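Just so it is clear: chains get the letters A, B, ... in the order the sequence lines come, proteins before strands, and each one is counted from 1. Predicted, not measured: the structure shown is a model, and the values here were computed from it.
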Number of protein chains: 2
Amino acid sequence: MVPMTPKKNQYAVRAVFELAKRRGEGPTKISQIARAQVIPERFLEVILNKLKRSGLIESKRGFTGGYSLSRPPAQITVGDIMRFLDGPTAAMNCAACTETSSCPSHRRGCAFSAMWNRVNQAVLSVYNDTTIQDLLDNEIHLKAQRRRRPPRAPARTEGQRL
Amino acid sequence: MVPMTPKKNQYAVRAVFELAKRRGEGPTKISQIARAQVIPERFLEVILNKLKRSGLIESKRGFTGGYSLSRPPAQITVGDIMRFLDGPTAAMNCAACTETSSCPSHRRGCAFSAMWNRVNQAVLSVYNDTTIQDLLDNEIHLKAQRRRRPPRAPARTEGQRL
DNA sequence: AATTTCTCGACTTTAAAAGTCGACAAGCAA
DNA sequence: TTGCTTGTCGACTTTTAAAGTCGAGAAATT
């Protein structure tokens with residue numbers, strides 16, 4: 001129904017999230033992130049390397065090396081990550097109407113373009129409204145919830161918190 | 001950035017849209033729809049055949065055969081089409097947290113699940129709020145606009161109308 | 001009967017995502 | 001300065017799902 005977010009993007013968000021969790025502990029190694037977030041290490045390598053060029057994260061080599069966040073989690077949105085990964089190319093294009101040939105009435109926006117734009121905008125809004133700090137806060141809440149209740153009870157309040 | 005809606009789904013919407021345009025003219029043949037909407041004919045065959053089982057469209061064989069809409073365009077939403085095509089399976093699953101193994105904190109919703117849910121919900125809302133009639137109305141508006149202006153002028157009011 | 005159309009399942013192709021690798025460069029520590 | 005450890009980089013391979021094709025058959029129509 002809703003097209004799945006690419007794994008690469010998910011990994012990227014999770015990795016940044018993990019860095020946020022460990023902020024202040026000095027650089028975190030790829031291997032640590034990979035283990036904590038269950039991401040294929042060699043693949044994560046590629047992702048982080050690319051992500052570095054966004055300026056969102058920094059790296060250091062050698063024995064005490066690793067990655068670290070370059071700004072506070074509250075100042076990084078999921079949208080920042082997504083936007084960088086997919087480049088400005090894929091930013092605003094309508095699904096059917098960008099390629100001249102595949103859309104019968106492509107001259108000046110077809111009957112569908114408004115809808116595709118609204119979909120894009122809707123997704124973007126969520127991403128841009130969600131900071132890494134928000135995700136961090138979610139985790140804390142969930143942990144507290146888990147501690148308070150008997151283990152393994154089915155989740156009750158799902159999907160409300162940002 | 002925003003994952004592209006599958007072509008199959010786009011084709012389906014466009015096909016239903018085309019049927020809506022021709023409502024009242026008797027059954028429309030696959031070949032006609034394919035030509036009008038620039039969809040590979042043999043592929044459209046598969047799509048329409050499947051879509052038929054949703055009850056949204058009807059078919060008739062033989063010389064005067066073809067497809068037709070089974071309800072008024074105002075009573076069909078894009079969501080109806082999407083929901084049927086992807087089945088109830090893909091309906092509500094979070095990107096990373098449905099498979100036990102791929103998400104480190106999968107027990108009762110991870111820090112991310114709320115966000116993925118919000119994305120899903122956002123997209124769904126647009127789809128469910130958009131009827132085929134709405135799309136029809138868009139087309140009429142665009143046509144009128146085109147007639148009123150000198151040809152090939154750049155689009156001005158883009159992405160506002162439903 | 002002949003033609004036209006949809007029907008159905010199986011099949012092939014294509015493209016992108018996902019994942020891997022080897023060699024190298026930088027930093028630390030003994 | 002030698003030898004670890006870590007990130008860097010480009011090229012490569014694998015896997016997967018989407019996209020598209022096909023042939024034979026079944027219902028209508030003339």
- What is the distance from CZ of B/Phe43 to P of C/dT7, rounded to the nearest Å? 17 Å

- Task: Answer yes or no: is there an ion pair linking A/Glu18 with A/Arg22, defined by an N-O contact shorter than 4.0 Å?
- Result: yes

- Expected string for nucleotides 4-11 of chain D under the B/S/- scheme (protein heavy atoms, under 4.0 Å, primed atoms plus P, OP1, OP2 as sugar-phosphate) is -BBBBB--

- Task: Quickly work out the B/Leu44 CG to D/dC22 P distance and round it to whole Å.
- Result: 16 Å

- Interatomic spacing from CG in B/Leu48 to CD1 in B/Ile57 - rounded to 0.5 Å: 5.0 Å

- Item | SB check A/Lys21 A/Glu139 (cutoff 4.0 Å) | yes

- Checking side-chain contact (heavy atoms from CB on, under 4.5 Å) for the pair A/Thr5/A/Tyr127: CA distance, chi angles, key distance, verdict? CA-CA 12 Å; A/Thr5 305; A/Tyr127 286 158; 3.3 Å; yes

- Query: Between atom CG in A/Asp86 and atom P in C/dA18, what is the gap in whole Å?
  - Reply: 11 Å

- Query: Please give, in whole Å, the distance from C/dT5 C1' to B/Glu58 CD?
  - Reply: 17 Å

- Phosphate OP1/OP2 of D/dA19: any B/Tyr11 side-chain N/O under 4.0 Å: no

- Message: Please report the distance, rounded to the nearest Å, between CG in A/Leu85 and C1' in C/dA16.
- Response: 16 Å

- Message: The test is side-chain contact (heavy atoms from CB on, under 4.5 Å); show your working for B/Val16 and B/Val78 and say whether it passes.
- Response: CA-CA 9 Å; B/Val16 171; B/Val78 174; over 6 Å; no

- CD1 of A/Ile47 versus C1' of C/dA18: gap in Å, rounded? 9 Å

- What is the distance from NZ of A/Lys50 to P of C/dA17, rounded to the nearest Å? 10 Å

- Answer yes or no: are there more than 12 heavy-atom neighbours, outside B/Lys8 itself, under 6.0 Å from its atom NZ? no

- Task: Whole angstrom is fine here: how far is it from NZ in B/Lys7 over to C1' in C/dA16?
- Result: 12 Å

